[in-house]
Amino acid sequence: MSLLANLNPPQLAAVTLEPRHALVLAGAGSGKTRVLTTRMAWLIQTGRATPHSLLAVTFTNKAAREMLTRMSAMLPINTRGMWIGTFHGLCNRLLRAHHRDAGLPQTFQILDTADQLASIKRMLKAANVDDEKYPPKQLQQFINGNKEAGLRAGDVEAHDAFTRRMVELYDLYDTQCQREGVADFSELLLRSYELLARNAPIREHYQRRFRHILVDEFQDTNTLQYRWLKLLAGGGAAVFAVGDDDQSIYAFRGANVGNMAEFEHEFAHGAVIKLEQNYRSHGHILDTANALIQNNGTRLGKNLWTDQGHGEPIRVYEAGSDNQEAHFIMEEIRSLIGEGRLRSDIAILYRSNAQSRVVEHALFSAGVPYKVYGGLRFFERQEIKHALAYLRLMENPHDDTAWMRVANFPVRGIGARTLEQQADLARELNGSLYSAVARVPGRGGSALVRFSMLIDQMRFDTQGMQLHEVVEHVIEASGLVTHYQGEREGAERVENLRELVNAAAAFASEAGHMRDPDRQDGVIEGSTVGINDADQGLPDPEDEAGALVPDLAQDIPSPLAGFLSHAALEAGDNQASAGQDAVQLMTVHAAKGLEFDAVFITGLEEGLFPHENSILEQSGLEEERRLMYVAITRARQRLYMSFSQTRMLHGQTRYHMRSRFLAEMPDEALKWLTPKAGRAADVGSAWATSAWRDDGKSAPEQVGTTWHNRSREQGYFGSSQGYSSSRNGPVGVEVGGTMFKVGQSVAHARFGEGVILALTGSGTDAQVQVRFADVGTKTLALAMAKLTAL
DNA sequence: GAGCAACGTGTTTTT
DNA sequence: CACGTTGCTC
């Protein structure tokens, strides 16, 4: 069977496992997605399942799309109408189909994170709560955290006054959302969980329907998602969970790795298949990853191997400054490109976004095209959110979040005072802002009336228009385009608004083929008759001509409502320009799931990676280690790791020790491009054996990882020249008229007095290794550090 | 109601 | 440093 060709034994075992609960521990680069999609295809092809009876859940739209694409390549079936999508997408679909049972209006709007925060702030203001004592962001975390744990306000235990108040505010917020007919992201999950839990006919219907539930990235599930799956599987479905506990890097946002062990106990009962053969990386890279991750105490246990040979060692570089680190990376990338490598096969990874700037600067100056991932995404841009707010108001004028956003944007004489009055009146009426418009007195009141008429007028004028025409009309009639045209830097915003029209057209053409949405899976909303229809196993014509999930538009009444859902659930790509071959810059988190020929992992410093906020707790440190594991396993052939003695952070120069993770990697897999210095005590012996390496196993003491420095210490790239060097580096280097030599005593403004142990490089790259009396051995950029000869 | 200066606050991110 | 938010003034 061609479907199963070229699968290795464990892969084959996983794909062809007879339907039952199973846990697949899939290491990085072990063919996880392939196994998942081939399994689905195999189930269908062998008649063990119908497309209709499969449910596949992912975390990102991208992963869902990937799964669909691969599926359709394997089987000549129409994947449209299949329930393949993200947790949120599928919950949205469920809630639209059963909106009445779920207690939501059919056109409920989805609040993204920013909308939610705005909504919380509005609630706090209305309730007259001191937002210094109850910070909106903290409340947001509190609410989402509890929702993700499956807890409504009434379920939260509060043992102190503060928490009790937070619970009250949580409740108030939910009341407000309910009144406005909106749902935040975690609400989508909790609400659909509650729907299934409380409504037996609906639950049993879906339990009967879905015989096979497949879950991707299982290590990223949170408590509620786990319970949601458990509920759906309660009718005897076989759950096939694929994940990698070593790649669990989202605990900070509620993911519970423990779900994997829990699943093994509760469901799989020992049916665990490990995929350990890695098809991506060379041996040294895998050895390094394996050695590192073994320092974590809580693991299910798994070791990657490859038959591709050791390959190149990992190149380790210590820089004197972040600029120098960036410069080094840039030079290496130039030579990689010179060797004929594609820029897009090269990635630069960092722990936090702020680190990208220096690297960008170096690449930009050198004229190396690059692309930064992360940052603002299309549907999150201010101008886009404004336009969407108008569209939302046309759909539902009671959407207070949208109302607050654009009532006075562009400026139309509705000030904060007026809006406050309106909010007070609305609260008295226990209604929406819109419902209070007529009662606001004075000039502000008439401005509000004019605004609500504008919305009505837009709704009227766009009747019968196509979706993209509606959007086009709205960005003009709202005054947004005119407003941004008048702004100094508004040209890009106007372009984005035009792009929104295109996005609407594209959405409509993709969603265009669908009709009669509510009958999609044989369920007519609010009616058990429809459920019974489906239970009789009637052929469902819509499955053949259904929609491309995860767009999920088929359960949504109007094209506009569908588009708004789409905008909230799929925030879109963050890169405006595609196409050009460019070096890829992103955080390690963003790199998960990707792979590159050559990878640079930067900023391997205590306090940065591992991040200082994570070091104190064991669990935090282990997550950082998994993050490092993810970073390493992105590389196919070549891997660089770099760190820097000094780094500008938050406007201050900071001094970091090199990351403890470096000491956890096997010496034989690493090649130090700069001398590997140990702590002061180790250097003597290292010097004596003339090998610039200590054994690395005795990590430097990690007491106080960071020094802050008030007066910024700035060196300068003065004229510095290197002198004749043997393979041991130059004998002496001159900087600004002073000649530095090995063995010489020097003084440093910060580190005190010391002795030069070695010199490397020349020119602006010249580095000096100094053993200081007090702070141990440091490698400094000669051009940067102000050293005085003694 | 708009504009500007002072202040403070800085992980990781998808939906 | 670079951003957003707040608070003050015209």
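Keep in mind that what you see is a predicted model, and the values were worked out from it rather than measured. Proteins come first, then strands; the chains are lettered A, B, ... in the order of their sequence lines, and each starts at number 1.
Gln652(A) has its CD atom 15 Å from the P atom of dG8(B), to the nearest Å. Spacing between atom CG of Leu376(A) and atom P of dG4(C) amounts to 9 Å, rounded to whole angstrom units. If you take CD of Glu132(A) and P of dC7(B), they are 15 Å apart, rounded to a whole angstrom. Going from atom CD of Glu217(A) over to atom P of dT13(B) covers 15 Å, rounded to whole Å. In this structure, the CG atom of Asn222(A) is 16 Å from the P atom of dT14(B), given to the nearest Å. Atom P of nucleotide dG10(B) and atom CD of Glu612(A) are separated by 12 Å, given to the nearest angstrom. Distance CG (Asn613(A)) to P (dT12(B)): 10 Å, rounded to an integer number of Å. The distance between atom CD1 of Ile601(A) and atom C1' of dT12(B), rounded to the nearest whole Å, is 15 Å.
At a threshold of 4.0 angstrom between heavy atoms, the contacts of Ile414(A) are confined to the sugar-phosphate backbone, with no base atom among them. Counting any heavy atom pair closer than 4.0 Å across all strands shown, Ala416(A) reaches sugar-phosphate atoms only and no base atom. Within 4.0 Å (heavy atoms only), Glu624(A) reaches at least one base atom of the nucleic acid. Using a 4.0 Å heavy-atom criterion, one finds that Arg351(A) contacts the bases of the nucleic acid, with or without backbone contacts as well. Heavy atoms of Ser186(A) sit nowhere under 4.0 angstrom from any nucleic acid atom.
The aromatic ring of His88(A) does not sit over the base of dT15(B), since the test of centres under 5.5 Å and planes under 30° is not met.
By the 6.0 Å and 45° rule, Arg647(A) does not stack over the aromatic ring of Tyr655(A). For the pair Arg253(A) and Tyr250(A), the cation-pi test (distance below 6.0 Å, angle within 45°) is passed.
For the pair Asp115(A) and Lys385(A), the salt-bridge criterion is met [side-chain N within less than 4.0 Å of a carboxylate O]. Under 4.0 Å is where a charged nitrogen must lie from a carboxylate oxygen, and between Glu606(A) and Arg658(A) no such pair does. Here Arg227(A) does not pair with Glu148(A) in a salt bridge; the nearest charged N to carboxylate O distance is not below 4.0 Å. In summary, Glu605(A) and Arg654(A) do not engage in a salt bridge, as defined by a charged side-chain N under 4.0 Å from a carboxylate O.
If you check the side chains of Asn496(A) and Tyr484(A), you find no donor sitting under 3.5 Å from an acceptor.
In this model, the phosphate group of dG10(B) is not approached by any side-chain N or O of Asn353(A) to a distance below 4.0 Å at OP1 or OP2. Checking the phosphate oxygens (OP1, OP2) of dT14(B), no side-chain nitrogen or oxygen of Thr113(A) falls inside 4.0 Å. Close to dT14(B), at under 4.0 Å from its OP1 or OP2, lies a side-chain N or O of Arg377(A).
Not a single donor-acceptor pair, N or O on each side, falls under 3.5 Å between the base of dT15(B) and the side chain of Thr60(A).
Mapping Arg412(A) and His611(A) onto DNA chain B by nearest heavy atom places Arg412(A) closer to the 5' end of the strand. If Gly415(A) and Glu623(A) are placed on DNA chain B by their nearest nucleotide, the residue sitting closer to the 5' end is Gly415(A).
Within residues 245-258 of chain A, the residues approaching DNA chain B are Tyr250(A), Phe252(A), Arg253(A), by heavy-atom distance under 4.0 Å.
Each side-chain hydrogen bond (donor to acceptor under 3.5 Å, both in side chains) pair with one or both residues in residues 123-134 of chain A, not counting sequence neighbours, would appear here, but there are none.
Comparing atom distances between the Glu380(A) side chain and each of dT15(B), dT13(B), dA2(B) picks out dT15(B) as nearest. Checked against dT15(B), dT13(B), dA2(B), the side chain of Thr587(A) finds its nearest nucleotide in dT13(B). Side chain of Val411(A), nearest nucleotide from dA2(C), dA2(B), dT13(B): dA2(B). When distances are taken from the side chain of Ser352(A) to each of dT12(B), dT5(C), dG1(B), the shortest belongs to dT12(B).
Under the 6.0 Å cut-off for aromatic ring centres, Phe252(A) and His589(A) qualify, their centroids lying closer than that.
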